[in-house]
Amino acid sequence: MRRAVLTTAWILVTGGVTAFLVTSLAGTRRTLFLPGRTSSGHHQIEGSCELCHDVGGTGVSQKACMRCHERELADADDSHPLSKFLDPRNASFLSAIDGRRCVSCHVEHRPSITGEMGVSQPIGFCVACHADVGIERPSHQGLPFSGCADAGCHNYHDNRALAESFVADNLHQPDLGAHPAVPAIDRDARYGALGSRPLNRRQQDAPAGVVVSDMVLAEWEKTEHAAAGVNCTACHGGGATSRPWNDRPGIDGCSECHAGEATGFLGGKHGMRAAAELGPMRPELARLPMRRDVRDRELGCTSCHGAHAFDRRHAAVEACLECHDDRHSLAYFDSPHYDTWKLEQTRADPEGSGVSCATCHMPRVRRMDSARPGVVVEHNQNAALRPIETMVRPVCMSCHGLGYSLAAMAERDLARRNFRRGPQAPSEAERMVRDKAAKRAPPSKEVGR
Amino acid sequence: MKKKRERRIVPAGVPTARRSTAGIAAIGLAAALSACSSEAKGGDARGDGISPRRAADMIQAVLAADREVYTKEIVQRLTIQQKVQIAAPGGGSTPLEAREDWRSEHGKLPLPAQVFRMGAEKVLSTGSDFSYLLLSPWPVNPQNRPRTDVERGGLEQASKTGQPHYASEELDGKRYFVAIYPDRAVAEACVECHNKHPDSPRRDFKLGDVMGGVVIRFRAD
């Protein structure tokens, strides 16, 4: 009798635990199975194991990494592409670090060994392949390998702002240019095909039965959408379009015309959950400090741009600070950058001269590789931060000289304080390039006078 | 002088092992182009494989021809002879140039050596056991110095004799056939760039000088 009770209890407990684990794995409690805290780059999608892991195994395929990161590596003109590690001359290095696979340097779920940019190799790992750099480049003799990246001289993937020839060519620039401003967006080049017949509220084309409030019409009437002839059905569907009317068209509706912007949004931390079909990002899921009163706000195009006003000025500052509550964000109002923004808003300074949150985090970049080349807004707000020097060429150099920009990025505390003051000393990269140029330069004619 | 009879083997990847799509394509193209002449000589085109030397020679012929065409007909013709101007992003015009940092600048052309390297990287990215690269005892980029004994010896030999040098070497436990061809300055643009570049360790090149060597390497076991 007692044995039967025990057996029944064992079956029930085992069955219950098994059922709990199975339902957890299939449902929303998958994080129970995480072997360790996920890095800040991937934590938003940690509930979708199969995005990275091979189904039925625990391995991570290279294809999974490239699915999300291939474009940015190509854009960065990756300094360590796969081909470098497939060269038979470099085969002997693979036993130290297998550079053919991202996970050799970016092991996930290992917070104790993971640093900035999700790098899990120890500082100074460059020595594994570049031990003889002092012979190849006498200027590097005696330098510690811990300083390759930390001194602000080299990045593993993206060295567009740090290439020696680029630094040498641009060191003459002043700290601040004579006419500091970001380039204007090429609206005609990007959206010219839509036509430009301005619309007013009497011409709105919402289908019969759809109630459109005066406030919505008033907001829309003032937008560039109305000015360019973009009517209600262009976004919401219905009417003469092939899509049924949708009260909330979402990203799909916007991407009909703004495909590039949508791709950028889905590639960054604002949209990566939506891209992984895990639902929209919400501030409460973020690791950065966020305001509590908006913790359940769902992020999409209209969470920053507004549903009908599409005010780019609001989206450039106020929309960010409705959620972001960290030290860097809050310090913006004490920064010289904010002063320039205020001057632009009062029309005292020309358009593009004010520095907003979006100026740096959603920079205007020149895309030459699409059917409609021109200056567009990069909506992946992480793209210019991987790593921070990525921001130098498309952002800082619109207004500042290269030397000043590199020095500002190398002084890490400046970013935390939102560049309240300028950098105190030149970057190590600038110093080395200047030293090399001085050694190479012919004797000055002034000598001997 | 009697020519030493070359051992004929089927190099890995040609054509049975399928190690390299790009390698096979390059070799196939070169083989097709040279089929008439080799048949006339009673040579290798009998369907029983081609010698590593011949395969390497054909690849080198394609590489050298493509690079010379790009250097003379595109870079030299457009930038030096015609001094072509293109529309600048902010208005006005800017000269068309071939520059090291071409990728991040508007309207710039890659240098011939960069085009060569991009092609080599594409081939490597296919996971091929066939590779080619441009090395020099006087490289602008120190990473393009010869690193192995075979590369050093071969470059010296090829630059002394002006003839290709063939050898085999073992890298990380795998045996490779290596062919090294002298690389000459075929256009004024090559000489001008190398003689002016601040990182160039040699600045007295003349048209026709050997500036380095093309190294072609594929598995031989």
Side-chain angles (χ1 to χ4, degrees), chain A residues 62 74-79 81-95 100 129-130 132-140 158-161 163-170 179 181 183-184 186 189 365-369 373-375 392-394 397 433 436-437 439-441, chain B residues 20 22 87-91 99-108 110-111 114 117-133 135 139-148 150-151 169-178 197-201 215 217-220:
Chain A
Q62 183 65 13
D75 285 349
D77 195 11
D78 188 7
S79 304
L82 173 65
S83 57
K84 203 168 276 263
F85 299 95
L86 294 175
D87 184 341
R89 304 162 87 221
N90 295 331
S92 60
F93 295 135
L94 298 180
S95 56
R100 296 169 298 183
C129 300
H130 296 281
D132 58 355
V133 70
I135 300 167
E136 280 183 356
R137 298 174 191 271
S139 59
H140 286 57
D158 188 344
N159 287 287
R160 283 173 292 177
E164 189 184 324
S165 57
F166 181 72
V167 175
D169 286 349
N170 291 283
H179 305 287
D186 286 331
V365 293
R366 191 173 299 282
R367 287 257 174 238
M368 305 306 295
D369 53 350
V375 175
V392 168
R393 282 182 81 157
M397 288 182 71
V433 171
K436 190 172 169 184
K439 281 177 192 162
R440 192 189 292 134
Chain B
S20 156
R99 277 174 49 157
E100 223 172 332
D101 57 348
W102 65 278
R103 204 190 287 272
S104 49
E105 295 294 323
H106 174 78
K108 303 299 175 201
L111 299 169
Q114 288 177 305
R117 200 182 68 210
M118 283 189 279
E121 285 175 357
K122 286 258 181 220
V123 169
L124 279 170
S125 300
T126 62
S128 158
D129 280 327
F130 155 64
S131 66
Y132 60 92
L133 64 161
L135 300 179
V140 169
N141 180 344
Q143 290 198 354
N144 295 330
R145 274 184 206 286
R147 288 216 308 251
T148 69
V150 164
E151 286 172 354
E169 70 178 340
E170 194 172 297
L171 294 173
D172 203 43
K174 293 174 184 169
R175 183 140 293 278
Y176 291 88
F177 170 81
V178 188
H197 198 289
D199 286 337
S200 180
V215 178
R217 184 182 269 121
F218 41 72
R219 288 285 297 279

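Residue numbering restarts at 1 for every chain, and letters A, B, ... go by the order of the sequence lines.
- The shortest non-hydrogen separation linking B:Leu124 to A:Leu86 is O-CD1, 2.9 Å.
- In this structure, A:Arg137 does not pair ionically with B:Asp199, as no charged nitrogen and carboxylate oxygen lie closer than 4.0 Å.
- No part of B:Thr148 comes within reach of chain A, as not one of its non-hydrogen atoms sits under 4.5 angstrom from that chain.
- Put simply, of B:Glu100, B:Arg147, B:Glu121, the one with the most heavy-atom pairs under 4.5 Å next to chain A is B:Arg147.
- Of the atoms belonging to A:Arg393, it is side-chain heavy atoms, and not backbone ones, that fall under 4.5 Å from chain B.
- B:Arg103 places no side-chain N or O within 3.5 Å of a backbone atom of A:Asp77 that could act as its donor or acceptor partner.
- With a threshold of 4.5 angstrom between heavy atoms, B:Gln143 approaches chain A through its backbone and through its side chain.
- The part of B:Asn141 that comes within reach of chain A is its side chain, from C-beta onward, which places non-hydrogen atoms under 4.5 angstrom from that chain.
- With a 4.5 Å cut-off on non-hydrogen atoms, A:Ser165 touches chain B through its side chain but not through its backbone.
- Under the 4.5 Å side-chain criterion, counting only non-hydrogen atoms from C-beta, A:Pro88 is in contact with B:Arg217.
- Heavy atoms closer than 4.5 Å to chain B are found in both the backbone and the side chain of A:Ala91.
- Note that CD of B:Glu151 is 4.0 Å distant from CZ of A:Arg89, once rounded to the nearest 0.5 Å.
- The distance from the CG atom of A:Asp132 to the CZ atom of B:Arg145 is 10.5 Å, given to the nearest 0.5 Å.
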